Protein chains: 2
Amino acid sequence: MTTTEAPPGSLPGTARAARPQERTAQRRRAILDAATRVFGERGYNNGSLVEIAEIVGITHAGVLHHFGSKEQLLLAVLAHRDEVDIERLATQQRPVGAEFLSHLVATAQANTERSGIVQTYAVLAAESVTGDHPAQEFFRGRFAVLRGDVADALGLTVGAPASDERVVAAASAIIAVMDGLQVQWLLDAETVAMPDTLRFVIDAIVESLRRSVAATP
Amino acid sequence: MTTTEAPPGSLPGTARAARPQERTAQRRRAILDAATRVFGERGYNNGSLVEIAEIVGITHAGVLHHFGSKEQLLLAVLAHRDEVDIERLATQQRPVGAEFLSHLVATAQANTERSGIVQTYAVLAAESVTGDHPAQEFFRGRFAVLRGDVADALGLTVGAPASDERVVAAASAIIAVMDGLQVQWLLDAETVAMPDTLRFVIDAIVESLRRSVAATP
DNA sequence: GTCTATATCGTGATAGAC
DNA sequence: GTCTATCACGATATAGAC
């Protein structure tokens, strides 16, 4: 798709200037998709603008025209992935409590069919802890929000405030299992059963938490 | 320590040729330490031989003289870390069963005082899933061995064969929690309590496993 | 065993033509 | 909006002097 035909539905004669911002938006999205793939396959440091540009069918100068710098491109990739996720959550109303926890398992199940996204996330999250990585703030914030969401769901499920430190620790643990399993699965997909293992751990944690809260609320 | 004095205890006159292989071994160890630090702080791709050499007090050509290439240096770093761990395990006899699981918690506790090692491990493990990363085989094998060890300990603890798939899944999960918590902790040390959280999860998993095995052995 | 010097390459970024 | 051309920089690796 490197030709420059008019967008479908546009009138002849008005084609070129009709919706320039629309074609630009398409290009940007194509670049974002390519960048997501490359950063996932090679990491941020090792991924190159030239490779991203080649996938889209332009030169690396074209990529920089749209995003200014490699760093801004990375942040756009991460923001874009969040937007997509939010859209999906907005369509169906957001699950709460135990349903939210089941939703995590369903996500793990879905992830077994899209190793690209999983790898992008896993590689960039770990890479972000180095030096002054551009995505460091992003992931710090992301984990904080995620811990809050999982703690809310756990609190609702076991009947304890989400601020209870045992609940918060359990939330950290569930997120940690998801991330840790992803790395193991990426290295050895046949041995590691992500969704089943996650289901098992969540059940074990909820059960243990329930007991603990019942004993000393 | 960039001077070239004779090793302590060597006789005058025989100093220079006395134990050349010993000084070389010291140099190699110094390079390994520096490389461990740099690869941890910056990742493998982003870490540079020049920076490693500067820490040791030589040029990057000197580093290459000892290790041949950057890739071989990385593999030497990983092998060296394993040797150190094995030595420590060989000194005290290896803990088994529930004691081995407690040993994992103790390790997590010790890790809170050495973020450098933790970061090296976390960053390299995730980076290793990319493309044809030189450490990919190393980490694949490492996870396999680790899963086996934890499964052995779990099997002994709950009275089930280590080959039981529920036991293996539980072993994957425990390793995943350790790794996932490390990333969260590196990004936000104040919020994430590694050892306590790990203890909680291991207890929950063991308890759940015990129940499951008792129901259907 | 370590140095200096150099080869070779790839990177991100900029400038200006079209 | 995308191109070509070029820049400045840093990387790994090699060759040869000392």
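Since we're looking at a predicted model, the values are computed, not measured. Just so we're on the same page: letters track the sequence lines, and every chain starts at 1.
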Just how far, in rounded Å, is [atom2] of [N] from [atom1] of [X]?
{"X": "B:Phe67", "N": "C:dG1", "atom1": "CZ", "atom2": "P", "value": "13 Å"}
{"X": "A:Glu51", "N": "C:dT11", "atom1": "CD", "atom2": "C1'", "value": "13 Å"}
{"X": "A:Leu74", "N": "C:dG12", "atom1": "CG", "atom2": "P", "value": "12 Å"}
{"X": "A:Tyr44", "N": "C:dT11", "atom1": "OH", "atom2": "P", "value": "13 Å"}
{"X": "A:Glu54", "N": "C:dG10", "atom1": "CD", "atom2": "C1'", "value": "12 Å"}
{"X": "B:Asn45", "N": "C:dT11", "atom1": "CG", "atom2": "P", "value": "12 Å"}
{"X": "A:Gln26", "N": "D:dT2", "atom1": "CD", "atom2": "P", "value": "11 Å"}
{"X": "A:Leu64", "N": "D:dG1", "atom1": "CG", "atom2": "C1'", "value": "13 Å"}

Self-check item: Nearest-nucleotide comparison on DNA chain C, the residue closer to the 5′ end among A:Asn46 and A:Gly68
Solution: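 Checking each residue's closest nucleotide, the 5'-ward one belongs to A:Asn46.
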
Practice problem: Grab the two heavy atoms, one from A:Val183 and one from A:Ala122, that are nearest each other, plus how far apart they are. | Solution: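 Smallest interatomic distance, heavy atoms only, reads CG2-CB, 4.4 Å.
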
Quiz prompt | B:Thr59 vs C:dT2: side-chain N/O to OP1/OP2 distance below 4.0 Å | solution =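 The answer is no; no side-chain N or O of B:Thr59 sits under 4.0 Å from OP1 or OP2.
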
Exercise. State whether B:Thr24 places a side-chain N or O below 4.0 Å from either non-bridging phosphate oxygen (OP1 or OP2) of C:dG1.
Key: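 Answer yes for this pair, as a side-chain N or O of B:Thr24 is under 4.0 Å from OP1 or OP2.
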
Practice problem: For this output row, return yes or no: ring centroids of B:Phe139 and B:His133 closer than 6.0 angstrom. | Solution: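 Between B:Phe139 and B:His133, the centre distance exceeds or equals 6.0 Å.
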
Please pick, from [options], the nucleotide with the shortest atom-to-atom distance to any side-chain atom of [X].
{"X": "A:Ala61", "options": "D:dA11, D:dT4, C:dG12", "answer": "D:dT4"}
{"X": "B:Arg27", "options": "C:dT2, C:dT4, C:dG12", "answer": "C:dT2"}
{"X": "B:Ile58", "options": "C:dA13, C:dT2, D:dT14", "answer": "C:dT2"}
{"X": "B:His65", "options": "D:dT14, D:dT4, C:dT2", "answer": "C:dT2"}

Quiz item: Take atom CZ in A:Arg42; do more than 12 heavy atoms of anything else shown fall under 6.0 Å from it?
Solution: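 Counting neighbours around CZ of A:Arg42, 12 or fewer heavy atoms of other residues, nucleotides or ligands fall under 6.0 Å, so no.
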
Quiz item: Can we say A:Asp33 and A:Arg29 salt-bridge, meaning some charged N sits less than 4.0 Å from an Asp/Glu carboxylate O?
Solution: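 Salt bridge absent between A:Asp33 and A:Arg29.
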
Quiz item: A:Leu49 near the nucleic acid: base, sugar-phosphate alone, or nothing, with a heavy-atom cut-off under 4.0 Å?
Solution: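 The answer is sugar-phosphate, as A:Leu49 gets under 4.0 Å only of primed atoms, P, OP1 or OP2.
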
Quiz item: Which part of the nucleic acid, if any, lies within contact of B:His60, taking any heavy atom under 4.0 Å across all strands shown: a base, the sugar-phosphate backbone alone, or nothing?
Solution: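 Result for B:His60 = base.
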
Exercise. Check whether any side-chain heavy atom of B:Arg199 sits under 4.5 Å from a side-chain heavy atom of B:Ser102, and report yes or no.
Key: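 In contact.
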
